[in-house]
Amino acid sequence: METPTRITVNASGKYDILLRKGGLSHIGDAVAERFKPCKIAILSDDKVFPLYGKVVTESLERAGFSTVSHVIENGEQSKTLDNVTAFIGTMVQAQVTRTDMVLALGGGVVGDMAGFAAAIYLRGIPYIQVPTTLMAAVDSSVGGKTAVDISSGKNLIGAFHQPALVYLDTDTLSSLDHDVMRDGFAEVLKYGFILDKELAQVTARPGTFDLEQVIARCISIKRDVVEQDEFDKGMRGLLNLGHTFGHAIEKLSGFTITHGSAVARGMVIAAKVGAEYGLPNLTAQITEIIKAYGFDTDCPYSADELYDVILSDKKRSGADITLVLPESIGHCVLRKMPATQVLELMIKTGL
Ligand code: GLY
């Protein structure tokens, strides 16, 4: 096991993010260093739990914690209020109290749901994120955004609730399907495009960089953003590059286009829309990098179809939508505009 990298977040709660290659079997020690013995309610899914459930529960139990586990079906379709209610039922049955904790073992779906359950159960109990996908590692496990989807849209019910600890064993990423790993790279590229020209250069060619260093860099960027704007009132919006269009693509596809794949397309649309808005045209550069990862960059939906879904996006305020638009590689800007202007710009891009 390598010496852990520790990144500390100073938000409404202060917490550590530990990156520990090969360290999953030592998670109990890391938790015991920070928290008194208690009951830990683990939420996981049926792909991840068979791989890592035993090693995590045994490590926690060796360190003096008792555990109860609840396993959901893998996939975005599971991110429902009903499944959160069922997990809370397991916690009630196991007599989990306010001095106990939740632990999310899995990707973004499990992390968002476990965080939301922890935010509302008994009006809030602490939770630990153990991300096992690249997307969850660099984005959703950090920063305290928790949510579930409803039929009208993604993440429309949720809460800000910072984790008490994020524990990442990068070895868990090696078991990911190629498409799931690639999805995570959409979020990695996002950080470079938005805020870090050097990271964008390093990650421009897949397979040519040290993944652990890149993950740590992405998490540090996210930490900096969350510390400045925990409750998403301003610059945290930059992290949504490609997401307004991406969420619409995901929803229109009935979630057959995955999050990363949709965000990749969304970032290309953002570049095209930015150019129509009058910013420098970065479409070719952004498209080339995204294509290098094997993403399809064509959008199968028209401007009108995307617009209908965008109108129900939670990032809309009144009649306005704030778009994240690239001004140069490594620098994006937020531009608030009437929703109708977003439609006009999309039409101009040829969608
Ligand atoms: N995933 C975007 C954010 O955490 O703000």
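Atoms considered below: every heavy atom in the structure, side chains included; atoms not considered: hydrogens, waters and symmetry mates. For ligands, and for the atoms within them, numbers begin at 1 and follow the listed sequence.
- Every residue two or more places apart in sequence or in another chain that forms a side chain to side chain donor-acceptor pair (under 3.5 Å) with Lys145 is listed here: Asp232.
- Taking the centre of each ring, His161 and Phe116 stay at or above the 6.0 Å mark.
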Under 3.5 Å, side-chain donor or acceptor atoms of residues 33-40 against the rest of the protein: list the pairs with distances, not counting sequence neighbours.
| from | atom 1 | to | atom 2 | distance (Å) |
| --- | --- | --- | --- | --- |
| Arg34 | NE | Asp16 | OD2 | 3.4 |
| Arg34 | NH1 | Ala30 | O | 2.9 |
| Arg34 | NH2 | Asp16 | OD2 | 3.0 |
| Lys39 | NZ | Ala94 | O | 2.8 |

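- For the residue pair Ser12 and Gln162, no side-chain donor N or O sits within less than 3.5 Å of a side-chain acceptor on the partner.
- Within 4.0 Å of ligand 1, counting heavy atoms only, the contacting residues are Asp139, Lys145, Lys222, Arg236, Leu239.
- By the side-chain contact (heavy atoms from CB on, under 4.5 Å) test, Ala32 pairs with Ala63, Phe65, sequence neighbours left out.
- Val226 and Phe160 are assigned to two separate hydrophobic clusters, defined by single-linkage of ILVMFWY side chains at heavy-atom distances under 4.5 Å.
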